[in-house]
Amino acid sequence: MHIGHARGAVFGDALAALLEWVGFDVTREYYINDAGAQVDVLARSVHLRYREALGEAIGDIPEGLYPGDYLQPVGANLAQQDGDKWQNLPEEQWLPHFRAFAIDAMMDMIRDDLAGLGVVHAVFTSERALVEAGKVDEGLAHLDAMGLIYEGVLEPPKGKLPDDWESRPQTLFKAAEFGDDVDRPLKKSDGSWTYFATDIAYHWDKYRRGFDTLIDVWGADHGGYVKRMQAAVRAVSGGNAVLDVKLCQMVNLLKGGQPFRMSKRAGTFVTLRDLVEQVGKDVVRFIMLTRKNDAQLDFDLDKVLEQSRDNPVFYVQYAHARIFSVLRHAQAQELLPDLHDNLDFLSKAALSRLTDSAELTLIRMLAEWPRQVDSAAEANEPHRVAFYLYELAACFHALWNKGKDEAQLRFLIEGDREVSLARLALIRAVALVIGSGLSIFGVTPVEEMR
RNA sequence: GUCCCGGUAGCUCAGCUGGAUAGAGCAACGGUUUCCUAAACCGUAGGCCGCGUGUUCGAAUCACGCUCGGGACACCA
């Protein structure tokens, strides 16, 4: 997975958590694009690496194959497992085997990457399995029975024509009847299904499994497919299911404010795994959620590790840690019975002792929390939670700093147990809200910063 | 040519299911602080919210047109 994929994964996971938070029953699914020509290319690329592992000089990776060196170990594993039995056979004999092996290896890598990010899916659906189980035929027969499939000729696209454009009859779905601009092809010229056809099968299957609100997370470069997919879901569900598609824009990797040019030759290529190892999953997740999903995101490798106000992860975590620092002091002074299990105890505090303007500001911020989560969930926009948490942290830090100048505003006042407990209740509530927000993000709140 | 996304302070962006003087961070400027509970803090300035028309008691927010930037437009993943 690359960094852009990670954004989609984190966004989808956080959106799911957000919806769960407000009471929806959510299932996280991963759709595996393991059919189609691309997988054959993958298999051929692995075969090349396999021959390489057996000692062949393969030279440069030929045009049309995947050059990534992440395929080297895959080829090497095959060589170790199977020896040279596939080395000199014609392609049709080794292709299925290599395809299956390569897909498994890729999915292992993807699952690893997802696990590293803390993203867990309940359902993985293989496109190939759908095809082999006849689900595509079923789904399209369903559409056909409704008279929504026909053989027809599409108008060439306006504007720049593809070089190899040829006008010919195709198997088309009447997408235009369901809100799309034109009807859409279901079969390729070689007779196999288009992605659209298998995608219909997947969504239909999902609908039949009982889901009526479907949310897809795609890269923004697939934006052109939204209408047709929504049209298909509308058609296939008889209007009973709604598909919403969230497009995630690209992530710009920066270092010190400058675009970070990734180059394998210069050894500056950063995989998702590198990134997670370098800055931690919590930082990656939080930063990915600080922008609206359909806006481009800058990810600055230096800034995210900075301990300053302009690093939102640090700033929010720092507030949480500071609060626990105070709680630890309170416990040491025997004001608090327990560091964590103290909510009931603090709920009895004399909150009317909180009268300073900074304290009241903080209370107002806290009171907004339920409304903030609701509106973030309703808008499907987890980033609102990030902005809220940042603001809440800012209010807390402001109060803290005020206590520097005015000693009577500090949280723990010697000789005034009542006001100390009231303030502990206040900041404990702040920690509770920050903890809740971070847990929606899948970020672990820290109680101490080394 | 069509469709989608975007244009808000010098920079990066919130706000957009209409509501009071449009917000934050950075940068700039002016101060305070080197104390303590933990990596400073306070203040100032800075905006025809891309342009225009419309709807409305009221528009950054909604509609239409224009403009600029990005992306997508048979079969491709």
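Naming convention: chains lettered A, B, ... in sequence-line order (proteins, then strands); numbering from 1 in each chain. Predicted model, so just to flag it, every value in this text is computed and none were measured.
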**Student:** Would you mind reporting whether Asp183(A) and Glu177(A) have side-chain heavy atoms less than 4.5 Å apart?
**Tutor:**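 Glu177(A) does not reach Asp183(A) side chain to side chain.
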**Student:** Considering Watson-Crick and G-U wobble pairs with both distances under 3.5 Å, what does A63(B) pair with?
**Tutor:**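 Per the H-bond distance test, U53(B).
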**Student:** Using purine N1 to pyrimidine N3 plus N6-O4 or O6-N4 for Watson-Crick, or N1-O2 and O6-N3 for G-U wobble, both under 3.5 Å, which nucleotide pairs with G6(B)?
**Tutor:**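 Base partner found: C68(B).
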**Student:** Is any NZ, NE, NH1 or NH2 atom of the basic residue among Arg384(A) and Glu381(A) found under 4.0 Å from an Asp or Glu carboxylate oxygen of the other?
**Tutor:**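 Yes.
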**Student:** Just call it for Tyr390(A): base, sugar-phosphate, or nothing, with non-hydrogen atoms closer than 4.0 Å on any strand.
**Tutor:**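 Since only primed, P, OP1 and OP2 atoms lie under 4.0 Å of Tyr390(A), the category is sugar-phosphate.
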**Student:** Name the pairing partner of U44(B), where a pair is Watson-Crick or G-U wobble with both distances under 3.5 Å, or state none.
**Tutor:**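 Its partner is A28(B).
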**Student:** What is the separation between atom CZ on Phe396(A) and atom C1' on A24(B), rounded to the nearest whole Å?
**Tutor:**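 The distance from CZ of Phe396(A) to C1' of A24(B) comes to 19 Å, rounded to the nearest Å.
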**Student:** For Arg228(A), which contact category applies under a 4.0 Å heavy-atom criterion: base, sugar-phosphate, or nothing?
**Tutor:**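 Counting heavy atoms under 4.0 Å across all strands, the contact made by Arg228(A) is with sugar-phosphate only.
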**Student:** Under 4.0 angstrom, heavy atoms only, what part of the nucleic acid is Ala321(A) near: base, sugar-phosphate, or nothing?
**Tutor:**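 Answer is base: heavy atoms of Ala321(A) come under 4.0 Å of a base.
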**Student:** Base, sugar-phosphate, or nothing for Lys292(A), non-hydrogen atoms under 4.0 angstrom?
**Tutor:**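 Base contact - Lys292(A) has a heavy atom under 4.0 Å of at least one base atom.
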**Student:** Does any nucleotide pair with C75(B) by Watson-Crick or G-U wobble geometry, both distances under 3.5 Å, and what is it?
**Tutor:**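 The answer is none; no pair meets the criterion.
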**Student:** Using a heavy-atom cut-off of 4.0 Å across all strands, would you classify Phe387(A) as base, sugar-phosphate, or nothing?
**Tutor:**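 The answer is sugar-phosphate, as Phe387(A) gets under 4.0 Å only of primed atoms, P, OP1 or OP2.
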**Student:** Base, sugar-phosphate, or nothing for Ser325(A), non-hydrogen atoms under 4.0 angstrom?
**Tutor:**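 Base contact.
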**Student:** How many Å lie between CG on Leu186(A) and P on A74(B), as a whole number?
**Tutor:**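 It is 15 Å, rounded to the nearest whole Å.
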**Student:** Report yes if a side-chain nitrogen or oxygen of Arg291(A) is closer than 4.0 Å to either non-bridging phosphate oxygen (OP1 or OP2) of A14(B); otherwise report no.
**Tutor:**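 So the side chain of Arg291(A) is outside the cut-off, no N or O lying under 4.0 Å from OP1 or OP2 of A14(B).
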**Student:** Check every strand shown and say whether Glu155(A) touches a base, only sugar-phosphate, or nothing at a heavy-atom separation below 4.0 Å.
**Tutor:**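 Contact class for Glu155(A): none.
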**Student:** With heavy atoms under 4.0 Å as the rule, sort His222(A) into base, sugar-phosphate or nothing.
**Tutor:**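 Base contact - His222(A) has a heavy atom under 4.0 Å of at least one base atom.
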**Student:** Salt bridge or not between Asp244(A) and Lys246(A)? Use side-chain N to carboxylate O under 4.0 Å.
**Tutor:**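 A salt bridge is present here (some side-chain N lies under 4.0 Å from a carboxylate O).
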**Student:** For Gln331(A) and Asp338(A), test the side chains for any donor-to-acceptor distance below 3.5 angstrom and give the result as yes or no.
**Tutor:**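 There is no such pair between these side chains.
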**Student:** With both distances under 3.5 angstrom, what nucleotide forms a Watson-Crick or G-U wobble pair with A39(B)?
**Tutor:**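 The base-pairing partner of A39(B), which may sit in any strand shown, does not exist here.
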**Student:** What I want to check is whether the side chains of Gln249(A) and Asp294(A) have a donor and an acceptor closer together than 3.5 Å.
**Tutor:**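 Side chains of Gln249(A) and Asp294(A): no pair found under 3.5 Å.
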**Student:** So what does Ser167(A) hit on the nucleic acid, given a heavy-atom distance under 4.0 Å: a base, only sugar-phosphate, or nothing?
**Tutor:**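 Contact class for Ser167(A): none.
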**Student:** Using purine N1 to pyrimidine N3 plus N6-O4 or O6-N4 for Watson-Crick, or N1-O2 and O6-N3 for G-U wobble, both under 3.5 Å, which nucleotide pairs with U21(B)?
**Tutor:**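 Pairing partner: none.
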